[in-house]
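Ligands are counted one by one from 1 in listed order, and the atoms in each one are counted from 1 as well. Quick note: numbers below take in every heavy atom, side chains included, and nothing from hydrogens, waters or symmetry partners.
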Amino acid sequence: MELLRIDKILSSQNIASRKEIKSLIKQGRIKVNGQTVKKPEEKLDPYSCRITVDDTVVLYKRFIYIMLNKPKGILSASRDSREKTVLDLLPTELNRHGLFPAGRLDRNTEGLLIITDDGDFAHKMLAPKSHVYKLYEVTVDRALSDEDIEAFKTGISEGGDAFKPAGMRITGERTALVEICEGKFHQIKRMFHAVGAEVQELKRIRVGELSLDADLPAGSSRELMRDEVVLALSRRRAL
Ligand code: URA
């Protein structure tokens, strides 16, 4: 059991800034197990104590996991002074300190992006040795064939990088599903480029066994449920 300061607990949950919390405490608006908190330094276990602000219960979450349907044209970065990033798309009730995108999608790539403040989770999801596969819908500029499937299955080298074997299922003349467990720079575009095809559209639709929510319009986000967080780390492949 870890005891944490009440002001730190509340600011980590995006309730208010530390300064504002100090003033809420002064005004007697914060209670722990029914007792009015007197000082911001007061320590408690956020999991077992009942914390209220103006009699509304604060549900403490150590980490938060968000599914974003990333639209094209937005940068996958934490913050950028000049440009809008995926974090700028989050509604205020989900936005809190320490969030970052778990992996990057190129500016013109759309689809499933997980935003979290849990570094261990992100590492597990991204490390190639975890074998968490990411599934993409791809449109290219030429007809695809079984030879492309074979080349992807064998493993492609491009620009000094050797990519691990990848799964491909052709879904139309110029469309395919592709599954990879690495996240090298422009990986899918470079893999197709190596077999003489240029990617025109790219959308990530699945991470592990977690699929992009069909009810989530581009640019929208929602918090993941606990079992969905587990699905996002599954090694089960789609192809
Ligand atoms: N591969 C790419 O080329 N771009 C992405 O955004 C993701 C995978």
Answer yes or no: does an N/O atom from [X] fall short of 3.5 Å to an N/O atom of ligand 1?
X	result
R190	no
T109	yes
L105	no

Would you say the side-chain atoms of [X] and [Y] include a donor-acceptor pair closer than 3.5 Å?
X	Y	value
E198	H193	yes
N95	T92	no
Q27	S23	yes

Q13 side chain vs L10 backbone, donor-acceptor pair below 3.5 Å: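 No, Q13 side chain to L10 backbone: no donor-acceptor pair under 3.5 Å.
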
T56 backbone acceptor or donor facing T52 side chain under 3.5 Å: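 Not a single qualifying donor-acceptor pair exists.
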
Heavy atom of the protein closest to atom 1 (N) of ligand 1 (residue, atom name, distance):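 Looking at atom 1 (N) of ligand 1, the protein heavy atom closest to it is I188 N, 3.1 Å.
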
Shortest protein heavy-atom distance from atom 6 (O) of ligand 1, along with the residue and atom involved: D106 N, 2.7 Å

Lys/Arg N to Asp/Glu carboxylate O, K189 vs E158, below 4.0 Å: no

Y136 touching ligand 1 at heavy-atom level, < 4.0 angstrom: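 Yes; Y136 lies near enough to ligand 1 that a heavy-atom distance drops under 4.0 Å.
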
Ligand 1-proximal atoms of V199, by part, heavy-atom distance under 4.0 Å: neither

